[in-house]
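A short write-up of the structure that comes next.
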Amino acid sequence: MPVAGRGGISSALVVGDRIFVVDCGRGSPSAYANAGLDFARLDAVFLSHLHVDHTGDLPGMLLYPWGCRADDHGPLAPVRVYGPTRPATLPAGDATFHRQTTIRPELPAPGTADLVHDIVASYAYHLNVMPLDASMPDAGALVRAMDIAIPARRGTGIPAPTVVFDDTDVRVTATAVTHGRAVPALAYRFDTPDGSVAFSGDTAVNANLLALAQGADILVHHIADLGYLERHGYTGAALERMAALHTDVGQVGGVAERAGVRQLVLTHFLPAEPDAITEAQWAERAGQGFGGTTIAGTDGLRLPLSASASHPPVPRGHIR
Ligand SMILES: [Zn+2]
């Protein structure tokens, strides 16, 4: 739900002159601009899963900056959008939670490439008509979508992370995490010359994530306070559902400790209302059992990755 005083779900990783965005939740294009980031440097977007709080402003992230996606040589390379592929089957509900109506029965669970295709198709008017009144780059070069297919699990072991891409500076790997019936849901890890960052996506405590994040410099992790939800009306099966979707504030420090990361950065708070739980409280409680630094993120928080970075950290979040 949109709440006053806190933006939606989105992070950016700057590597050299390239910018990688993880999730495009509410307000992400504005947050990107407010952070002083250049849309001409946007290299790729990674979607953790296809719930709308992670994808709702993907159209804006692609379409608002269309005009700047060119230089003297023509259109810039397309923005790449990576994310989950279509699930093999439409997840089923149960007696309590089930669909009243199936939307788009011929393709009820579209994947990332479908989503991007449909965004471009839905904005065909803008993409076809705008170039008649203004100098615009070729719309056909605006975006390329790539589905990430995580191989089916074999046996009981932890699957090796899937390499999403690997070039001279950046290696991106993904693994499947557990977020209720949102399948596939992914976590990502970026390995760069300056260090490594893992993004949990939305997940309950997950062995795949522990393996993916092992030894990373920074783990950006979503967080929920299940006790708060319990005090506000979630009980029994409803609370169990929330526990199958999220990592509790009492668990995330242990996740960071077992993953052996240097820094834990909290994001995507549940509850999200800033006055429900203060950042100091989030950081204090989440950091229990973790020997590294815990930071409760705030909108616009910037952190250097390299320990030798010339800019010292000036976190606006709360540090434990
Ligand atoms: Zn979410």
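Whatever order the structure lists ligands and atoms in, that order sets their numbers, starting from 1. Model, not experiment: these values are computed from the prediction. The first residue of the sequence shown is numbered 1, and numbering continues consecutively from there.
- Listed by chain and number, Asp53 OD2, His54 NE2, Asp202 OD2, His268 NE2 are the protein N/O/S atoms closer than 2.8 Å to the Zn ion (ligand 1), with waters left out.
- Here the side chains of Val249 and Tyr228 are not in contact, with every heavy-atom distance at 4.5 Å or above.
- Residues that satisfy the ring-ring contact (aromatic ring centres under 6.0 Å, His included) test with Tyr234, not counting sequence neighbours, are absent from this structure.
- Cation-pi geometry between Arg80 and Phe46 is not satisfied (NZ or CZ under 6.0 Å from the ring centre, within 45° of the ring normal).
- Panel note: side chain Asp138, backbone Pro75; no donor-acceptor pair is recorded below 3.5 Å.
- Of the possible donor and acceptor atoms, one in the side chain of Asp147 sits under 3.5 Å from a partner among the backbone N and O of Ala113.
- In this structure, Ser200 contributes its side chain and Asp202 its backbone to no donor-acceptor pair below 3.5 Å.
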